[in-house]
Amino acid sequence: MADALALIDANNFYASCEQALEPALLGRPVVVLSNNDGCVVSRSSEARQLGIGMGKPYFQIAGQLARHGVVVRSSNYALYGDMSQRLMSSLEPFVAELEVYSIDEAFARLPRPRHGDLHRWAAELRSRIRHNLGLPIAIGLAPSKVLAKLANRIAKGDQCCAGVFDLGREADPDPWLESTPVEEIWGVGRQLSRWCRLRGIANARQLRDMASGELRAKAGVVGLRLQLELQGVSCLPLEEGPTAKRETCVSRSFSRVITDESELRQAVASYVVRAAEKLRRQRQRSGRLTVFARTSPFSPGFYSQAASAALPLASNDTAVLLQTALRLVPAIFRPHKRFAKAGVLLQELQPEQQLQHHLLTPLPAEQQQKREALMQSIDQLNRRYGAGTVQWAVCGLQPSWMMRREQLSRAATTRLSDLPTVWAR
DNA sequence: TCTGGGGTCCTAGGACCC
DNA sequence: TCTGGGGTCCTAGGACCC
């Protein structure tokens, strides 16, 4: 029998992590906020039932949350990242191939047993993850990725499914496809769903059966692949192992507006430092660097500007990248503009070991090695003693525009001093 | 007053060439 | 003054994802 594709994900991942860490929150409405405590990015099912919308700005609903006694947390990426790694490594022994798709979900390939039924496998996996990590997961099974996503959605929504739904075992999948609104299909965004609705295509079954020529004219080969996947023809491959990134970006909104060029320089410098660390961890160098800044899109007179420069020699040396980036700052800064966000993009990434040396001015090998050793030492110190142990002076000390995280939970799984205490009697 | 961050893929169209 | 056809490469921006 053919293999099955599974989409396995954690329910309300960030909120569930907070509950796993602090069991007293179980059964209570919990929301997690984005950076700067900006918007709601995760809700426990209790919070969802109260009608708290996803993506809602916190300042607009703070009163409503307080009235309902909702527990509010700032996002704690150290915690979620670590829980994610534990989740993924727990899945591995259960499947033949695993593609980690995002922080809280993975596609997997597994052989179907002779009798075809995977419910026992799924039930065991769910109880193992619940027991070891305290996380609830849902599992969708189907012959293609798009259908596995769709099955996963049914597994979560339908009370009868107990977190597992196998579309591959349904004699007639059509009613399930018909109950899936076109907007809910993975790969259908705002534009495409509006176009579909205008043509009377309201659900997944209708999209699957529509004239493919028409779809191709609108959505190109992406649309055709989507349609084939809905027909159960797998054309999106499972991608194992992290594929090399093509670009890396670090950007943040400020906790308050910036109007001063020196502060914008500090912000850009801090993001470059972070981006360079990422690059070294990925064992890559960058050949082009872009810096950008913008005012708030919610205020009149929106302004957004980017500037980019090629590096003479691809690099992941923080000092080299800082020099290039800071030279670009005057090109994006404008006096009297109220900057709300800035960022840096590292592009034209290439593997570290394939360094193309400059023909005319090669850096002496000895000097090159010294620089690399320096970067390594800085990274090690910051990993061991915590981020910011070794800093770059251009970033400023304790700048006041830095992220706001007023309701942060502890780094209970990644920092010794934050370990939870258990009292035994 | 306060509205997230980090990615990928694809296409259209301009620049340039013979 | 007339000014085709076909190709490549690059970039910006759209669309989508979690």
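These numbers come from a predicted model, not from an experiment. Reminder, nothing fancy here: chain letters follow the sequence lines and each chain counts from 1.
Here the CD1 atom belonging to A/I129 is positioned 4.5 Å from the OG atom belonging to A/S90, to the nearest 0.5 angstrom.
The interatomic distance linking A/R190 (CZ) with C/dG13 (P) rounds to 18 Å, in whole Å. If you measure from atom CG of A/L236 to atom C1' of C/dC16, you get 13 Å, rounded to the nearest angstrom. One can place OH of A/Y80 at 17 Å from P of B/dG4, the figure rounded to the nearest angstrom. Rounded to a whole Å, the CD atom of A/E247 is 8 Å from the C1' atom of B/dT8. Atom P of nucleotide C/dC17 and atom CD of A/E99 are separated by 15 Å, given to the nearest angstrom. The interatomic distance linking A/I103 (CD1) with C/dC17 (P) rounds to 19 Å, in whole Å. Nucleotide B/dG7 holds its C1' atom 12 Å from the CZ atom of A/F292, rounded to whole Å. For A/Y101 and C/dC18, the OH to P distance is 5 Å, given to the nearest whole Å.
Note on A/V41: nothing from the nucleic acid sits closer than 4.0 angstrom, heavy atoms only. Counting any heavy atom pair closer than 4.0 Å across all strands shown, A/R288 reaches no nucleic acid atom.
Of all heavy-atom pairs spanning A/L289 and A/Q347, the tightest one is C-OE1, 4.2 Å.
Contact annotation: A/K218 side-chain N/O to C/dG14 OP1/OP2 distance is not under 4.0 Å. In terms of phosphate contacts, A/S255 brings no side-chain nitrogen or oxygen within less than 4.0 Å of OP1 or OP2 of B/dC2. OP1 and OP2 of B/dT3 both lie 4.0 Å or more from every side-chain N or O belonging to A/S253. One finds a side-chain N or O of A/R246 lying less than 4.0 angstrom from the OP1 or OP2 phosphate oxygen of B/dC9. Checking the phosphate oxygens (OP1, OP2) of B/dT3, no side-chain nitrogen or oxygen of A/K341 falls inside 4.0 Å.
Within the structure, the ring-ring contact (aromatic ring centres under 6.0 Å, His included) test picks out the following pairs touching residues 251-280 of chain A (sequence neighbours left out): A/F254-A/W401.
Remark on DNA chain B: of its neighbouring residues A/C39 and A/A244, the 5'-side contact belongs to A/C39, judged by nearest-heavy-atom nucleotide. Taking for each of A/E239 and A/R252 the nucleotide of DNA chain B with the nearest heavy atom, the 5'-most of the two is the partner of A/R252.
Classification of the A/Y80-A/Y14 ring pair by plane angle, with boundaries at 30° and 60°, yields parallel.
A ring-centre distance under 6.0 Å is not found for A/F292 and A/F339.
Closest approach to the A/L192 side chain among B/dT8, B/dG6, C/dC16 is made by C/dC16 (side chain taken as heavy atoms from C-beta onward). Nearest nucleotide to the A/S251 side chain, out of B/dG5, B/dC2, B/dG7: B/dG5. Residue A/K245 places its side chain closer to B/dG7 than to any other of B/dT3, B/dG7, B/dT11. Relative to the side chain of A/S102, the nucleotides C/dC18, B/dT3, B/dG5 differ in distance, and C/dC18 lies closest. Between B/dC2, C/dC17, B/dG6, one nucleotide has an atom nearer to the side chain of A/V257 than all others, and that is B/dC2. Of all nucleotides listed (C/dC18, B/dG6, C/dC16), C/dC16 comes nearest to the side chain of A/Q191.
Side chains of A/K278 and A/V250 form a contact here, defined as non-hydrogen atoms less than 4.5 Å apart.
Side-chain atoms of A/R208 never come within 3.5 Å of backbone atoms of A/Q227 as a donor-acceptor pair (strictly under, hydrogens ignored).
By the criterion of a centre-to-centre distance under 5.5 Å and near-parallel planes under 30°, the ring of A/F298 forms a stack with the base of B/dT3.
Between A/E184 and A/R153 a salt bridge is recorded (basic side-chain N to carboxylate O distance below 4.0 Å).
The strand DNA chain B forms stems, runs of 3 or more Watson-Crick or G-U wobble pairs with distances below 3.5 Å, at B:5-18 with C:5-18.
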